[in-house]
Amino acid sequence: MRVNLDGIHTNLRFSAAHMVIGHESCGKIHGHSYILDVEVEGARSGQFGFVIDFKILKNIARSVCKSLDHRVLIPLDSPDLEVTYEDDNTIEFKVLGELEYKLPKSDVVLLPIVSTTAESLSVYITDKIIEQLEDTSTLEYIEVQVNEGIGQGASYRKFLGGDINDK
């Protein structure tokens with residue numbers, strides 16, 4: 001059985017700045033109002049026969065959104081980005097060997113990804129949601145779609161290997 005969270009109606013949103021390093025137009029720092037949609041497939045289980053408790057899933061997805069909200073997203077694993085200085089208050093980095101940035105560390109999220117595209121963010125967010133779930137044994141997959149505004153986004157489905165036979 002499949003359950004869904006529609007990000008527009010369940011307030012799974014965050015606003016953030018990013019850049020797609022090296023891209024002609026998206027290589028400059030710019031922002032999006034992101035919306036997450038989450039889909040989970042699995043077996044019904046437990047006292048109430050839930051695939052997953054909506055409240056728990058929404059709280060986890062909202063906490064991930066909150067961690068990214070109103071921040072500059074920096075892809076630490078990018079081969080085209082070099083952190084040149086970091087302390088408790090400041091981060092400095094260089095992009096493509098020449099563009100230098102200095103930002104308050106409190107305004108930045110350093111992400112362990114190669115790029116801050118919707119595709120990479122969907123993988124990152126899916127993994128963050130899974131990390132916070134207590135039990136995934138009855139879940140077949142979790143899919144997260146990261147929408148860069150309404151009408152365009154990327155989704156990633158991670159298979160968990162749970163038993164999906166309805167009980």
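What's counted below: heavy atoms across the whole structure, side chains too, no hydrogens, waters or symmetry copies. None of the values given here were measured: they were computed from a predicted structure.
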Margin query: Quick check: do E119 and Y124 have side-chain heavy atoms less than 4.5 Å from each other?
Written below: no
Next item on the list: Check whether any side-chain heavy atom of L81 sits under 4.5 Å from a side-chain heavy atom of I74, and report yes or no.
Entry: yes
Next item on the list: Could you tell me whether the side chain of V108 reaches within less than 4.5 Å of the side chain of L73, counting heavy atoms only?
Entry: no
Notebook entry, point to check: Among V144, L36, D6, I125, whose side chain to side chain contact (heavy atoms under 4.5 Å, CB included) with L12 holds?
Noted result: L36
Would you list the atom pairs, donor with acceptor, under 3.5 Å between side chains in residues 49-63 and any protein atom, with sequence neighbours excluded?
from : atom 1 : to   : atom 2 : distance (Å)
D53  : OD1    : K55  : N      : 2.8
N59  : ND2    : K55  : O      : 3.3
R62  : NE     : T10  : O      : 3.2
R62  : NH2    : T10  : O      : 2.6
S63  : OG     : I60  : O      : 2.8
S63  : OG     : Q132 : OE1    : 3.4

Next item on the list: Please check if the side chain of D69 supplies one atom and the backbone of S15 the other of a donor-acceptor pair under 3.5 Å.
Entry: yes
Check: According to the interplanar angle, ranging from 0 to 90°, do the rings of H18 and Y34 count as parallel (below 30°), tilted (30 to 60°) or perpendicular (above 60°)?
Finding: perpendicular
Checklist line | From K128 atom NZ to L133 atom CG, the distance as rounded to the nearest 0.5 Å | finding: 12.5 Å
Next item on the list: State, with a plain yes or no, whether a side-chain heavy atom of E39 is found less than 4.5 Å away from one of R2.
Entry: yes
Notebook entry, point to check: Between V109, L103, L110, which is the residue that forms a side chain to side chain contact (heavy atoms under 4.5 Å, CB included) with R71?
Noted result: V109
Check: With distance as the sole criterion, is a donor-acceptor pair present between the side chains of N147 and D37 under 3.5 Å?
Finding: yes
Notebook entry, point to check: Could K158 and E143 be called an ion pair, given the rule that one side-chain N must be under 4.0 Å from one carboxylate O?
Noted result: no
Next item on the list: Might you work through the side chain to side chain contact (heavy atoms under 4.5 Å, CB included) test for K66 and F14, ending with a clear yes or no?
Entry: CA-CA 7 Å; K66 186 176 180 179; F14 65 97; over 6 Å; no
Next item on the list: Could you tell me whether K94 and E82 have a side-chain N and a carboxylate O separated by less than 4.0 Å?
Entry: no
Notebook entry, point to check: Is there a side chain to side chain contact (heavy atoms under 4.5 Å, CB included) between M1 and E41 once you walk through the steps?
Noted result: CA-CA 6 Å; M1 180 167 281; E41 184 161 332; over 6 Å; no
Notebook entry, point to check: Do the side chains of L5 and V40 join up, straight or via other hydrophobic residues, at under 4.5 Å, putting them in one cluster?
Noted result: yes
Check: Can you check whether T117's main-chain N or O pairs, donor with acceptor, with S120's side chain at less than 3.5 Å?
Finding: no
Margin query: Using 0.5 Å steps for rounding, measure from the CD1 atom of I130 to the OG1 atom of T136.
Written below: 7.5 Å
Check: Under the side chain to side chain contact (heavy atoms under 4.5 Å, CB included) criterion, do E92 and T84 qualify, and how do the steps go?
Finding: CA-CA 6 Å; E92 295 178 21; T84 55; 3.6 Å; yes
Notebook entry, point to check: Can you tell if the side chain of V114 reaches within under 4.5 Å of the side chain of P75, non-hydrogen atoms only?
Noted result: no
Item checked: Approximate separation, where rounding is to 0.5 Å, of L139 CG and S45 OG -> 8.0 Å
Note to self: Let me confirm one number: the CD1-CZ distance from I21 to F93, rounded to the nearest 0.5 Å.
What the structure shows: 8.0 Å
Next item on the list: Please round to the nearest 0.5 Å and tell me the distance separating atom OH of Y101 and atom CE of M19.
Entry: 4.0 Å
Notebook entry, point to check: Which pair of heavy atoms, one from R13 and one from I8, lies closest together, and at what distance?
Noted result: NH2-O, 2.8 Å
Note to self: Can you confirm whether the side chains of Q145 and Y156 place a donor and an acceptor under 3.5 Å from each other?
What the structure shows: no
Checklist line | ILVMFWY network linking I29 to I113, side-chain heavy atoms under 4.5 angstrom | finding: no
Margin query: Using side-chain heavy atoms (C-beta onward) and a distance below 4.5 Å, is L76 in contact with L111?
Written below: no
Next item on the list: Rounded to the nearest 0.5 Å, what's the gap from CD on E98 to CD on E100? Could you check?
Entry: 9.5 Å
Checklist line | Student check: side-chain heavy atoms of D77 and P112 closer than 4.5 Å | finding: yes
